[in-house]
Amino acid sequence: MARKHEASTLAVDAAKDTTHADFRRADALSWREALITGDVTAVELSTMALTSAAAHMSLGAFIHLDPDASLARAEEIDAVRSLSLGSPSPRTASATEGHDGREPAALAFARRNPLAGLPIAFKDLLDVAGMPTTRGSEAVPHRVAHHDDPGVRRVHHAGGVSVGKTQVPEFGLPCYSENTISAPARNPLDPARTSGGSTGGGATAVAAGILPFAPGNDGGGSVRIPAAACGLVGLKPGRGRLPTDQQDSSVRNLGVSGPIARTAHDAALLFDVMAGHAFSVELGADGLSEGPAMRTVRTALQRAAGDGPPLSIAVDTRSPFSPDVDITLEEPAVEALEKGITAARDAGHRVSGAEGRPAKGGGTGRDTAQGPAGAAHVPGSDIWPPDYHRSFRTLWTSALADAPLSPDQESRVAPLTRHFIELSRARSAEETSAAIAHLQAYADVPERCLGGADVLMTPMLAFAPPEIGWFSSMEPEENYRQQCRFTPYSSVVNVLGLPAVNVPMHSDDRGLSWSVQLIGGRGTEESLLALAATLMRD
C-alpha cells in the first residue's frame with residue numbers, strides 16, 4: 001500500500017505541474033488509479049499530454065495534434081465518471097464504499113473503463129475519426145477519417161483519449177520514422193538519433209513522457225524496434241491473437257498490433273485492452289480490477305526469485321539474414337544479452353546455448369555463432385528459414401506490385417518506396433509465389449525455432465540507432481541492407497507469427513538503451529510480459 005500512496009502522490013503532483021509536465025514521474029497504473037480515485041481528472045491528464053507535446057515539439061513525435069477534440073472527450077469522461085459515482089465532483093467520491101453488497105461504483109467504472117482518461121495516440125497509418133490520415137506520405141490525399149479503425153475503436157471504448165497522430169515513415173515501410181510531410185521522430189535518449197520505426201513517433205512520445213504508453217503496429221519489428229531504440233517495453237503479439245487484427249493464417253499477414261510502454265505491467269494493461277480481455281471484479285495490487293495479462297505480471301513480480309515455475313530459455317545470436325548480410329553486434333548489444341542471461345538465471349530459469357554467444361563486437365554469421373544447446377535441428381539446416389534475406393524481401397514488397405497509386409503519385413513517393421515498387425513489379429508471379437510458399441512452410445510449424453525451449457532469447461538491435469538522415473542518405477538498395485543489419489532478429493518473428501517482447505537490459509556510457517528479445521510459442525503473450533517484468537525487476 002505504501003507504493004500505491006507514493007505513486008498516487010507523484011501522479012497528482014505531476015498532473016498539477018504544467019511547467020515540467022512529464023508522465024515518467026509515475027507509471028500508467030498509478031495514473032489510472034489517481035484518475036479513478038478522483039485525485040486527478042481526465043482533463044488534467046489530457047492537458048498534461050498536450051502541454052508536454054508542445055514542450056517537446058522538436059522531437060517530432062506527432063504529425064497531428066487535436067487539443068479541442070481530446071479535451072472535449074476528456075470532459076465527457078470526467079462527467080460520466082462523476083455521474084457513475086453519484087457525486088457532482090469526482091474528487092469527493094469514494095472509490096471503496098459499496099452499498100447493499102454491490103460492487104463499489106468507482107471499481108465498477110474502472111472495470112468497464114480500464115483506460116478511463118489516459119491520453120494515448122495512434123500512429124498515422126490508422127484511421128482515427130475526426131483526424132487526418134497521412135500514412136506518412138505526400139503522395140496520397142490526407143483525408144479526415146469518418147470512422148475509427150477497429151483497434152482504435154476498442155481503445156477508445158475502454159476510455160483512452162486520443163490527443164493526436166504520431167509520426168511514421170512512408171506507408172510504415174522503413175525502420176526509421178522520417179518522411180517529407182513532417183519533422184522526423186527523434187530519440188529522446190539522443191535527439192540526433194532516430195527513434196526507430198515504424199511506431200517511432202509513439203515510442204518518442206512515451207520515452208519523452210508525453211504519453212504514459214502508446215498502441216503500435218508491428219509488421220517486421222515496428223513495435224519492438226522503436227521500443228528498443230528508446231529504452232521501452234514493446235510487445236508484438238502472435239498472428240491473429242488480437243481480435244481486431246487480420247485473422248488470416250497466411251504468411252502474407254505480417255502485421256499485428258501491440259503496446260509500447262515503460263514497464264511490462266503498463267504494457268500488460270494496454271495489451272489486455274487491445275486484446276479485448278475482460279477486467280475482473282477481483283482487485284489487483286492497486287485496488288482496481290485487472291485483466292489476465294496484468295494479473296500474470298503482478299503474480300510474477302510478487303514471487304521471490306526462483307519461486308515460480310522455471311522456464312527453459314534458449315539463447316541464439318544467429319540472424320536469419322546471415323550469411324547474405326554481414327551481421328555484427330556492437331559491444332553494448334552483447335552486454336545487454338549477457339545481462340539478460342544473468343537475470344534469467346537469477347530468476348531460476350534454465351538457460352542453454354549461452355556458451356555460443358560471440359565475443360563482444362564479434363560477428364554473428366552462421367559460421368561463427370552456435371545455436372541453443374539441445375536444439376533439434378534438421379541436418380544441414382538452421383532454426384531460421386534458409387535463403388531468408390531474398391525470400392523476405394520478396395514477401396515484404398510483394399503487395400506493392402498492385403499499389404493503387406497513379407503515375408503522378410508514384411513520382412512523389414520516397415526513393416526507397418519507389419525502389420520497392422519497382423522490385424515487386426520486376427519479379428515474375430512464379431518467383432513471388434515460390435518465396436512466399438517457402439516462408440509459409442516455416443510459418444506452419446513456427447515453434448521449430450525454439451528448439452524445444454519455452455523461450456528463445458536473442459539480441460534486438462545490432463548497433464546503436466543511427467543519426468537522423470543516415471538511412472535515407474543512401475541509395476535504396478544499400479538503405480534496405482543497412483536496415484536489415486540494424487534489425488537482424490525482428491522480421492522473422494512476424495513471418496513465423498509468434499509473439500515476442502523487447503526488454504531493455506542495459507544502458508551504455510552514451511545513455512543509449514540496449515535490449516534483448518524474448519520469443520515465445522503461440523499464445524504466450526502474458527507469460528512473455530511476466531518474464532520481461534522479472535528480468536527488469538532489478
Side-chain angles (χ1 to χ4, degrees), residues 221 224 228 236 305-306 308-323 325-386 388 442 445-462 487-493 495-496 498-506 514-522 524 527-528 530-532 534-536:
R224 291 159 291 151
K236 184 204 92 68
L311 297 172
S312 59
I313 301 176
V315 179
D316 206 311
T317 58
R318 293 172 296 179
S319 167
F321 287 117
S322 298
V325 179
D326 176 38
I327 306 297
T328 301
L329 296 181
E330 195 172 327
E331 181 173 336
V334 180
E335 291 175 350
L337 187 63
E338 291 173 342
K339 288 185 177 180
I341 291 167
T342 299
R345 285 177 170 157
D346 288 346
H349 302 301
R350 301 186 301 271
V351 181
S352 63
E355 66 280 356
R357 301 191 317 277
K360 293 177 182 178
T364 60
R366 298 174 193 261
D367 56 339
T368 58
Q370 303 298 313
H377 299 313
V378 178
S381 71
D382 281 311
I383 63 173
W384 306 126
Y388 179 79
Y442 277 78
V445 282
E447 282 89 357
R448 177 188 304 181
C449 73
L450 303 181
D454 297 312
V455 175
L456 176 62
M457 180 187 295
T458 74
M460 190 61 218
L461 303 180
T487 63
Y489 306 97
S490 60
S491 63
V492 70
V493 190
V495 168
L496 298 177
L498 295 175
V501 63
N502 176 80
V503 189
M505 292 304 306
H506 173 62
W514 298 83
S515 299
V516 297
Q517 175 178 233
L518 304 175
I519 305 168
R522 286 168 287 189
T524 62
S527 297
L528 288 176
L531 178 57
T534 57
L535 297 190
M536 296 173 65

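When a residue number appears, it is its place in the shown sequence, counting from 1.
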Using atom types as modelled and distance alone, determine if a side-chain donor or acceptor of [X] lies under 3.5 Å from a backbone N or O of [Y].
{"X": "T458", "Y": "D316", "result": "no"}
{"X": "R224", "Y": "A500", "result": "no"}
{"X": "Y489", "Y": "M457", "result": "no"}
{"X": "W384", "Y": "R318", "result": "yes"}
{"X": "S319", "Y": "P488", "result": "yes"}

Where [X] and [Y] come nearest, the two heavy atoms and their spacing:
{"X": "T524", "Y": "P499", "value": "OG1-CG, 3.6 Å"}
{"X": "S515", "Y": "A228", "value": "OG-CA, 3.8 Å"}
{"X": "V503", "Y": "L518", "value": "CG2-CD1, 3.8 Å"}
{"X": "M460", "Y": "N502", "value": "CG-OD1, 3.1 Å"}
{"X": "A462", "Y": "A333", "value": "O-CB, 4.2 Å"}
{"X": "L450", "Y": "G520", "value": "CD1-C, 4.1 Å"}

What's the separation between atom [atom1] in [X] and atom [atom2] in [Y], rounded to the nearest 0.5 Å?
{"X": "E335", "Y": "L329", "atom1": "CD", "atom2": "CG", "value": "11.5 Å"}
{"X": "Q517", "Y": "M505", "atom1": "CD", "atom2": "CE", "value": "14.5 Å"}
{"X": "L528", "Y": "K236", "atom1": "CG", "atom2": "NZ", "value": "10.5 Å"}
{"X": "S527", "Y": "D454", "atom1": "OG", "atom2": "CG", "value": "9.0 Å"}

Checklist entry - Can L337 and I341 be said to form a side-chain contact (heavy atoms from CB on, under 4.5 Å), step by step? => result CA-CA 6 Å; L337 187 63; I341 291 167; 4.2 Å; yes

Item to check | Close side-chain approach of I519 and L496, heavy atoms under 4.5 Å | outcome: no

Checklist entry - Looking at side-chain heavy atoms only, is the closest gap between P459 and T317 below 4.5 Å? => result yes

Item to check | CA sep, side-chain torsions, deciding dist, call: L498, L456, side-chain contact (heavy atoms from CB on, under 4.5 Å) | outcome: CA-CA 11 Å; L498 295 175; L456 176 62; over 6 Å; no

Checklist entry - Yes or no on side-chain contact (heavy atoms from CB on, under 4.5 Å) for H349 and V455, after CA distance, side-chain angles and deciding distance? => result CA-CA 10 Å; H349 302 301; V455 175; over 6 Å; no

Item to check | Candidate pair Y388 and S491, rule side-chain hydrogen bond (donor to acceptor under 3.5 Å, both in side chains), full reasoning | outcome: CA-CA 10 Å; Y388 179 79; S491 63; 2.7 Å; yes

